[in-house]
Trainee: 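So that we are looking at the same thing, I have put the structure below in structure tokens.
Numbers restart at 1 for each chain; the letters A, B, ... are given by sequence-line order, proteins then strands.
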Protein chains: 2
Amino acid sequence: MEPCLRVRKAAYKSGQVIHDFGQDSGNIGILCSGRASLVRLNVNGTRTILETLGPDNLFGEQLAFSDGKTDCLYVCCEADCTVLFLNYDDITKRCANACRCHSRLVENLLELISKKNLRLSQRIEVLSQRSIREKLLACFRLLAIEAESPAFTLPFNTSELADYICADRSAMLRELSKMKQEGLVWVQRRQIRLPDFEEKRSTL
Amino acid sequence: MEPCLRVRKAAYKSGQVIHDFGQDSGNIGILCSGRASLVRLNVNGTRTILETLGPDNLFGEQLAFSDGKTDCLYVCCEADCTVLFLNYDDITKRCANACRCHSRLVENLLELISKKNLRLSQRIEVLSQRSIREKLLACFRLLAIEAESPAFTLPFNTSELADYICADRSAMLRELSKMKQEGLVWVQRRQIRLPDFEEKRSTL
DNA sequence: TTTTTTAAGTTGCAAATGCAACAGCATATT
DNA sequence: AATATGCTGTTGCATTTGCAACTTAAAAAA
């Protein structure tokens with residue numbers, strides 16, 4: 001595209017590894033379409049879904065902490081993706097001719113990174129809860145806000161959801177059945193419904 | 001400073017509230033000097049230290065998820081601070097005269113937000129650990145990397161550290177004494193030392 | 001100095017969570 | 001249809017964690 005930028009576009013199928021954080025590529029990736037997740041595999045086999053990525057979401061070494069080589073950290077394609085790779089230094093190290101489109105690119109990236117910031121902040125919102133119940137509720141509230149409805153479909157199966165809230169699957173399901181019994185949430189496979197969403201909105 | 005920007009600079013003393021997320025101000029803050037933390041107070045009294053902020057760190061509604069009005073979310077000054085407030089829209093909505101310094105500002109902000117991204121990502125690294133022990137070790141590893149030494153001073157007292165790793169203080173201390181006994185870590189009040197830091201580095 | 005306050009550290013007990021193993025159900029494959 | 005596979009959901013048991021109450025040590029105030 002631009003002479004001052006090294007750009008590469010690539011497509012991926014579900015299940016493929018889009019980016020491995022093992023070797024520092026110096027690139028940041030922009031997910032143009034599809035769905036992916038940033039996953040960490042622990043040495044003892046624990047999987048953690050660190051981020052879920054959708055269109056216009058960013059990833060890369062410069063944007064994610066990577067604990068050296070002990071753990072395995074990678075971006076995995078969940079639904080067929082197209083990805084744009086940019087060289088991070090090309091963006092930050094202002095180009096010699098200070099071209100107009102360059103500064104435009106930086107502006108756009110600022111917006112995308114701000115949004116990523118917000119997503120990470122939401123992730124922390126979930127993980128900072130002290131119990132599985134609270135984690136689930138925080139997670140469901142966010143999904144409800146995103147869906148703009150008290151009813152929504154989980155983007156996870158139960159195993160993935162457990163890896164996302166960083167808890168044991170069976171413990172999570174046990175807590176979820178209790179919550180169903182107590183009427184805190186309505187669940188039917190991946191369909192979720194929160195009871196008092198409308199009331200909450202109106203109190204704001 | 002610039003005609004296209006609304007800027008405000010302010011100073012704070014330790015303990016003062018720098019920014020309350022209750023009312024959306026539309027500003028982002030840049031911590032010029034000092035130390036602060038982004039804190040959430042739960043309805044049932046649980047405190048969570050969501051972020052620790054140092055010089056050049058950013059905060060603001062546009063960069064942090066806020067759960068409406070149920071919880072109390074604010075930036076609290078820990079050590080005397082100076083803070084620069086910018087209007088977020090002024091930055092993102094390109095100014096009419098497309099001035100050079102404006103695009104320069106955006107570039108600088110991009111760098112700061114990237115760094116914030118990394119910090120949030122580190123925060124998630126800690127919180128995504130499954131046990132208190134692993135949380136502590138992840139936290140200590142990060143502090144050791146930051147200090148560029150296996151020995152460092154905690155920026156927290158024990159109560160704050162517990163609020164940072166989102167665990168109970170007594171449970172955390174119990175685990176910490178076990179870790180001391182097992183030789184995983186050396187602790188003397190706020191002084192921490194990890195045993196095998198040098199080895200780890202060399203294996204990379 | 002003595003007193004007061006604050007933080008560090010400990011412990012028993014109850015509750016929550018992780019682990020492992022399993023049963024039930026749905027979908028895909030042969 | 002029969003079989004295999006993968007996901008959902010359940011349960012017993014051991015471990016971890018949270019909670020409350022307490023002791024000890026350090027720092028600050030009198």
Trainee: Select base, sugar-phosphate, or nothing to describe what Ser131(B) touches, counting heavy atoms under 4.0 Å on all strands.
Mentor: sugar-phosphate
Trainee: Rounded to the nearest Å, what distance is computed from the CE atom of residue Met179(A) to the P atom of nucleotide dT17(C)?
Mentor: 11 Å
Trainee: Under 4.0 Å: is that the gap between some side-chain N or O of Thr158(B) and OP1 or OP2 of dA8(C)?
Mentor: yes
Trainee: Rounded to whole angstrom units, what separation is found between the CZ atom of Arg133(B) and the C1' atom of dT15(D)?
Mentor: 13 Å
Trainee: Within the structure shown, what part of the strands sits under 4.0 Å from Ser170(B) by heavy-atom distance: base, sugar-phosphate, or nothing?
Mentor: base
Trainee: Identify whether the distance between the nearest side-chain nitrogen and carboxylate oxygen of Arg141(A) and Glu146(A) falls below 4.0 Å.
Mentor: no
Trainee: Decide, yes or no, whether a salt bridge links Arg133(B) with Glu182(B) under the criterion of side-chain N to carboxylate O below 4.0 Å.
Mentor: yes
Trainee: What integer distance in Å separates Asn157(A):CG from dC25(C):P?
Mentor: 19 Å
Trainee: Glu175(B) CD to dT17(D) P: how many Å, rounded?
Mentor: 6 Å
Trainee: Return the value, rounded to whole Å, for the distance between atom CZ of Arg130(B) and atom C1' of dT17(D).
Mentor: 16 Å
Trainee: Measure CE/Met172(B) against C1'/dT11(C) and give the value in whole Å, please.
Mentor: 16 Å
Trainee: Under 4.0 Å, counting only non-hydrogen atoms across every strand here, what does Ile132(B) touch: a base, just sugar-phosphate, or nothing?
Mentor: sugar-phosphate
Trainee: Answer yes when Lys115(A) and Glu111(A) have at least one side-chain N-carboxylate O distance shorter than 4.0 Å, and no when they do not.
Mentor: yes
Trainee: Less than 4.0 angstrom between a side-chain N/O of Ser177(A) and OP1 or OP2 of dG9(D), yes or no?
Mentor: no
Trainee: From CZ of Arg169(B) over to P of dA21(D), roughly how many Å is that when rounded to an integer?
Mentor: 14 Å
Trainee: Taking it one step at a time, do Ser33(A) and Thr82(A) satisfy side chain to side chain donor-acceptor pair (under 3.5 Å)?
Mentor: CA-CA 5 Å; Ser33(A) 66; Thr82(A) 51; 2.7 Å; yes
Trainee: To the nearest angstrom, how far is Arg174(B) atom CZ from dC13(C) atom P?
Mentor: 13 Å
Trainee: Is there a donor-acceptor contact under 3.5 Å linking the side chains of Thr46(A) and Arg130(B)?
Mentor: no
Trainee: Picking from dG18(D), dG18(C), dG9(D), which would you name as closest to the side chain of Ala167(A)?
Mentor: dG18(C)
